[in-house]
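Report on the following structure.
Computed from a predicted model, the values in this text were never measured in an experiment.
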Amino acid sequence: MTKDMTVGSPMKLVLGFTVPLMFGNLFQQFYSMVDTIIVGKFLGTGPLAAVGSTGSVTFLILGFCMGVCTGFTIPVSQRFGSKDYGELKRFVGNIIWLAGGFAVLFAVVTALLCRPILEAMATPADIIDDAYAYLMPILVGIPATVLYNTLSSLLRALGDSRTPVVFLVMASLLNIGLDLFLIVVIPLGVAGAAIATVISQGLSGLACLVFIWKKFPLLHVSRDDLRPRMPHMRRLLAMGLPMGLQLSITAIGSIILQASVNGLGSAVVASTTAASKIYMFFSCAFDAMGVTMSTWGGQNIGAKKLERIGQGLRSCILVGVVYSLLSLVVMALFGKPLALLFVDAGETEIIDQAYQYLVINAACFIPLAGVNIFRLLIQGMGYSKVAVFAGVFEMVARGATGLFLVPAFGFLAACFAGPIAWVMADCFLIPAYVKVMKHVKQYGY
């Protein structure tokens, strides 16, 4: 089940690792879209806007948790590349302690702060109660998110990008069924959609745990491996916290932007919600490319095969460019019909705004591909702190757009927030990658 990415054709390995991840991400976004479609069709535009208004907060909190989980597994990937399996297991043992602690801490703290956060974001009064009802179960369910993301990241660190996808697809189908049951049959309103997501992700995490127990003896830990070790914990935190902070810093800019968009009214929030779901469905391929580069960088730097790092980077960039151009064509031709999945045909203003958002963002997918590929490669090589600054650039771009451009130019400015952020991040990441490679060649990692 493991895959050694230190030998073989870079393009074949990149595609072989990326495609299952992309399929899993697409399916995850598909059931996220179904979530939104069910809310929009069965509950109406107001609840749809309420769910959308929580997106940046969810990204801030869950993004931090997922970033930390992914960062924790970088030393595992490096030890797998160097074939140091004893150290690998000791890192896994300490990941269990850290991941469990983070899960409980964040669930408690964020649940207590849920309502004040929504109020601080100027969530419109007509949707704030639904926004709270949706967000609270998501926050309480953080342990389920951490469980799945930690275990799936461990599997990917050893080169297995297929197994997590299988469990994710199963959980996605369950999520759709629970959505319909908890929203249409019981009904629980928007809270039903959130509860369905948490239950499905928790079961997906448990499935990963059973699979690891039966099929991955390399990840089995002894009592001695579970002993807390400060050097290992410091290394894990040095990898995990910057990755989590990078995503959270980016999300701060998104929150500022979302607050400005909220000020434009519920109709605009609804249009950006619908467009964002479609955009996320297409852009999740870039997340898959980034995770591929993280594993690629970790294993090859662990094996001290530096020349292969650049080879894999070039292969992944080519894949990213081709996918970006194809996505733009699809958005331009089918953007409006896709928006009709979320709202009725009579909502012409929302449909037109959603289409505008989609085309503008898709036209800048190549810079987005660069952000994910370069950032995760740098992090996988063990330089997570460097990549944090890319998040700062994105935060500044989105924050400035929300504070100054949206009040002046309205919805059009919100459409350009993402592209501006991606270009600014690339302006930092590309030179940073060159500098990191020079450092590695001179001093090692």
Identify which one of Arg162, Arg156, Met22 satisfies the side chain to side chain contact (heavy atoms under 4.5 Å, CB included) criterion when paired with Phe17.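 Testing each of Arg162, Arg156, Met22 against Phe17, the sole residue satisfying side chain to side chain contact (heavy atoms under 4.5 Å, CB included) is Arg156.
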
In terms of side-chain heavy atoms, does Gln78 have a donor or acceptor partner in Arg235 at a distance below 3.5 Å?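 Yes, a side-chain donor-acceptor pair sits under 3.5 Å.
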
Indicate whether the side chain of Ser222 and that of Asp225 have a donor and an acceptor atom separated by less than 3.5 Å.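 The answer is yes; a qualifying pair exists.
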
Could you report the tightest heavy-atom contact between [X] and [Y], atom names first, then the distance?
| X | Y | value |
| --- | --- | --- |
| Leu113 | Pro116 | O-CD, 3.2 Å |
| Leu429 | Ile378 | O-CD1, 3.9 Å |
| Cys69 | Thr150 | SG-OG1, 3.1 Å |
| Ser384 | Ile74 | OG-CD1, 4.0 Å |
| Ala131 | Thr123 | CB-CG2, 4.4 Å |
| Ile38 | Ile176 | CD1-O, 4.4 Å |

Backbone N or O of [Y] within a donor-acceptor pair of the [X] side chain at under 3.5 Å?
| X | Y | result |
| --- | --- | --- |
| Arg115 | Tyr132 | no |
| Asn300 | Met5 | yes |
| Ser260 | Gly402 | yes |
| Thr18 | Leu15 | no |
| Ser294 | Gly290 | no |
| Trp296 | Arg308 | yes |
| Gln299 | Ala157 | yes |
| His220 | Ile212 | yes |
| Asp4 | Gly81 | no |
| Arg90 | Val221 | no |

Beyond-backbone contact of [X] with [Y], side-chain heavy atoms, under 4.5 angstrom:
| X | Y | value |
| --- | --- | --- |
| Trp97 | Met233 | yes |
| Val423 | Cys364 | no |
| Leu237 | Phe72 | yes |
| Leu257 | Val406 | yes |
| Asn372 | Met289 | no |
| Tyr433 | Ile309 | yes |
| Tyr148 | Cys208 | yes |
| Val140 | Thr110 | no |

What verdict does the side-chain contact (heavy atoms from CB on, under 4.5 Å) test give for Ile360 and Leu412, after you've listed the backbone C-alpha separation in whole Å, the side-chain angles of each residue and the deciding distance to 0.1 Å? CA-CA 9 Å; Ile360 290 173; Leu412 180 63; 4.0 Å; yes

Can you confirm whether [X] is buried at [atom1], in the sense that more than 12 heavy atoms of other residues, nucleotides or ligands lie under 6.0 Å from that atom?
| X | atom1 | value |
| --- | --- | --- |
| Met136 | CE | yes |
| Lys83 | NZ | yes |
| Tyr85 | OH | yes |
| Phe389 | CZ | no |

May I ask you to decide if the ring planes of [X] and [Y] are parallel, tilted or perpendicular, using 30° and 60° as cut-offs?
| X | Y | answer |
| --- | --- | --- |
| Phe393 | Phe428 | parallel |
| Phe411 | Tyr357 | tilted |
| Phe211 | Phe216 | tilted |

Please name all residues satisfying side-chain contact (heavy atoms from CB on, under 4.5 Å) with Met66, sequence neighbours left out, ordered by chain then number.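 Listed in chain order: Leu62, Thr145, Asn149.
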
Once rounded to the nearest 0.5 Å, what's the spacing between atom [atom1] of [X] and atom [atom2] of [Y]?
| X | Y | atom1 | atom2 | result |
| --- | --- | --- | --- | --- |
| Leu151 | Thr163 | CG | OG1 | 12.0 Å |
| Leu241 | Phe64 | CG | CZ | 5.5 Å |
| Ile138 | Thr197 | CD1 | OG1 | 5.0 Å |
| Asn175 | Ile199 | CG | CD1 | 9.0 Å |
| Leu376 | Asp287 | CG | CG | 8.0 Å |
| Cys65 | Phe102 | SG | CZ | 8.5 Å |

Kindly indicate, with the supporting measurements, whether the criterion side-chain contact (heavy atoms from CB on, under 4.5 Å) is fulfilled by Asn361 and Trp422. CA-CA 10 Å; Asn361 279 266; Trp422 304 331; 3.4 Å; yes

Proximity of Phe365 and Phe282 rings by center, below 6.0 Å: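 Between Phe365 and Phe282, the centre distance exceeds or equals 6.0 Å.
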
Would you mind checking if Arg229 and Asp224 are paired as a salt bridge, meaning a charged N to carboxylate O distance below 4.0 Å?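 So Asp224 pairs with Arg229 through a salt bridge.
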
Charged N to carboxylate O under 4.0 angstrom, Lys89 versus Asp84?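 No salt bridge links Lys89 with Asp84.
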
Check against side-chain contact (heavy atoms from CB on, under 4.5 Å), Val319 and Met11: CA-CA 9 Å; Val319 173; Met11 178 59 80; 3.9 Å; yes

Test side-chain contact (heavy atoms from CB on, under 4.5 Å) applied to Val165 and Val169, step by step: CA-CA 6 Å; Val165 171; Val169 169; 4.1 Å; yes

